[in-house]
Amino acid sequence: MPIDPAIVKAFTPTGVLRASINLGNPILAKRSAGTGEPEGVSIDLARAFAAQLGVPLELVVFDTAGKSVEAVTAEQADIGFFAVDPLRGQGIRFTAPYVLIEGAYLVREGSPIASNDEVDRAGVRVMVGKGSAYDLYLTRELKAAGIERAPTSPAVVDSFLSENADVAAGVKQQLESDAARLGGLRLLPGRFMEIRQAMGVPISRGEPAAAALSAFVESMKSSGFVSAALQRHGIKGAIVALAA
């Protein structure tokens, strides 16, 4: 079905679709080991949406979720890929999620902390990635524990060790990878949050644009595109979100 030219214009005021890409979440985007170029589920979705609109694609790449959110909020990018959070919703209209991932805690092998509900205690220092979805969530939810912030999500575990924090919080797959890389670390059982990854567009682009992006995401889920992209990029532990 042809796309309404007004919708295309709403998404491409500069003539190209600028997609904000966060490399801080390797579940969705990372640099190719071979070429150094961004690759991942979010890049695949950005290309598919640009193709649907019939416009060129420009990737606007950042190393943290916070910078990626700022780019879309400030309309320096036209779409983005984010974990849904109320604070981010002040400037961005989100679709329903397309992928669900887990936020987990990591501690040293010898830590007395054995479960998630033991983290929020006085004197416990929790390391998070600055501006990440779990930073925003834990800032609201933790009442007694203190929060410290690493510059990026991939740097959380290294910062946790160098700053001698008690707990590292992050995307489960990233923590598992770091635990295997460094040794002497363990993940606490379960998850402290479900991270709902969605696409977003600046609120100023209007309801028709938001509705078009939401319809695109639903079609990518129902067609098997998202599932195939997860498999193609070797992503384990993330699941396709149910239809909205």
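Hydrogens, waters and symmetry mates play no part in the numbers below; they use all other heavy atoms, side chains included. Count residues from 1 along the sequence.
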Legend entry - Side chain proximity check, Val61 to Leu23, heavy atoms < 4.5 angstrom: yes
Legend entry - Residue pairs involving residues 160-183 (criterion ring pair (Phe, Tyr, Trp, His ring centres under 6.0 Å); sequence neighbours excluded): none
Inset, instruction - Please say which of Val156, Leu188, Leu187 ends up in a side chain to side chain contact (heavy atoms under 4.5 Å, CB included) with Leu106. - result: Leu187
Inset, instruction - For the residue pair Leu57 and Phe49, establish whether any side-chain heavy-atom pair is separated by less than 4.5 Å. - result: no
Inset, instruction - Work out which heavy atom in Ser204 is nearest to a heavy atom in Glu75; give both atom names and the distance. - result: OG-OE2, 2.5 Å
Inset, instruction - Treating Ile, Leu, Val, Met, Phe, Trp and Tyr as nodes and any side-chain heavy-atom pair under 4.5 angstrom as an edge, say whether Val217 and Ile43 lie in one connected cluster. - result: yes
Inset, instruction - Rounded to the nearest 0.5 Å, what's the gap from CD1 on Ile27 to CD on Gln174? Could you check? - result: 7.5 Å
Inset, instruction - Kindly compute the distance separating CD (Gln197) from CD (Glu194), expressed to the nearest 0.5 Å. - result: 11.0 Å
Legend entry - Side chain to side chain, Arg205 and Asp78, heavy atoms closer than 4.5 Å: yes
Inset, instruction - Could you tell me the separation between the CG atom of Leu28 and the CD1 atom of Ile21, rounded to the nearest 0.5 Å? - result: 9.0 Å
Inset, instruction - Any chance you could measure Ser159, atom OG, to Asn164, atom CG, to the nearest 0.5 Å? - result: 12.5 Å
Inset, instruction - State plainly whether one hydrophobic cluster holds both Val69 and Met193, where clusters connect Ile, Leu, Val, Met, Phe, Trp and Tyr through side-chain heavy atoms under 4.5 angstrom apart. - result: no
Legend entry - Hphob cluster co-occupancy, Leu138 + Val84, side-chain heavy atoms under 4.5 angstrom: no
Inset, instruction - Would you check if Met199 and Val72 make a side-chain contact, meaning some heavy-atom pair closer than 4.5 Å? - result: no
Legend entry - Flag side-chain contact, heavy atom, 4.5 Å: Leu185 against Leu161: yes
Legend entry - ring pair (Phe, Tyr, Trp, His ring centres under 6.0 Å) contacts touching residues 82-103 (sequence neighbours left out): none
Inset, instruction - Could you check if a side-chain atom of Gln76 sits within less than 4.5 angstrom of a side-chain atom of Pro202, using non-hydrogen atoms only? - result: no
Legend entry - Nearest heavy atoms of Ile7 and Ala212, plus distance in Å: CG2-CB, 3.9 Å
Legend entry - CZ-CD distance between Arg88 and Glu70, expressed to the nearest 0.5 angstrom: 10.5 Å
Inset, instruction - From the options Asp44, Ile239, Val240, select the one residue that forms a side chain to side chain contact (heavy atoms under 4.5 Å, CB included) with Leu230. - result: Val240
Legend entry - Connected via hydrophobic side-chain network under 4.5 Å: Val8 and Val201: yes
Legend entry - Residues Asp85 and Arg140 bridged, charged N to O under 4.0 Å: yes
Legend entry - Minimum-distance pair of heavy atoms, taken over all atoms of Gly24 and Pro154: O-CD, 3.4 Å
Inset, instruction - Tell me, yes or no, whether the heavy-atom count around Lys236 atom NZ, taken from other residues, nucleotides or ligands under 6.0 Å, exceeds 12. - result: no
Inset, instruction - Please report the closest heavy-atom contact between Ser68 and Asn22, naming both atoms and the distance. - result: CB-CB, 4.0 Å
Legend entry - Residue pair Ala114 / Arg186: nearest heavy atoms and the distance that separates them: CA-NH1, 4.3 Å
Inset, instruction - Working to the nearest 0.5 Å, report the span between CD of Glu39 and CG of Leu59. - result: 12.0 Å
Legend entry - Nearest heavy-atom neighbours spanning Pro56 and Gly15: CD-O, 3.7 Å
Legend entry - Side-chain cluster (under 4.5 Å, hydrophobic types only) that Val60 belongs to, other residues: Phe62
Legend entry - Check: Phe81 and Val41 side chains under 4.5 Å, non-hydrogen atoms: no
Can you give each donor-acceptor pair under 3.5 Å made by side-chain atoms of residues 145-153, sequence neighbours left out, with the distance rounded to 0.1 Å?
from: Glu148; atom 1: OE1; to: Arg125; atom 2: NH2; distance (Å): 3.1
from: Glu148; atom 1: OE2; to: Arg125; atom 2: NE; distance (Å): 2.5
from: Glu148; atom 1: OE2; to: Arg125; atom 2: NH2; distance (Å): 3.1
from: Arg149; atom 1: NE; to: Asp135; atom 2: OD1; distance (Å): 3.1
from: Arg149; atom 1: NE; to: Asp135; atom 2: OD2; distance (Å): 3.0
from: Arg149; atom 1: NH2; to: Asp135; atom 2: OD1; distance (Å): 3.1
from: Arg149; atom 1: NH2; to: Thr139; atom 2: OG1; distance (Å): 2.9
from: Thr152; atom 1: OG1; to: Ala155; atom 2: N; distance (Å): 3.4
from: Ser153; atom 1: OG; to: Tyr134; atom 2: OH; distance (Å): 2.9

Inset, instruction - Please test Asp178 against Asp158 for side chain to side chain contact (heavy atoms under 4.5 Å, CB included), starting from the C-alpha separation and ending with a verdict. - result: CA-CA 9 Å; Asp178 286 337; Asp158 289 327; over 6 Å; no
Legend entry - Residue Lys221 excluded, over 12 heavy atoms near NZ under 6.0 Å: yes
Inset, instruction - Would you please name every residue forming a side chain to side chain donor-acceptor pair (under 3.5 Å) with Asp63, sequence neighbours left out? - result: Lys67
Inset, instruction - Side-chain contact test, heavy atoms from C-beta onward, threshold under 4.5 Å: evaluate it for Ile101 versus Lys172 and give yes or no. - result: no
Legend entry - Partner set under side chain to side chain donor-acceptor pair (under 3.5 Å) for Ser42, not counting sequence neighbours: none
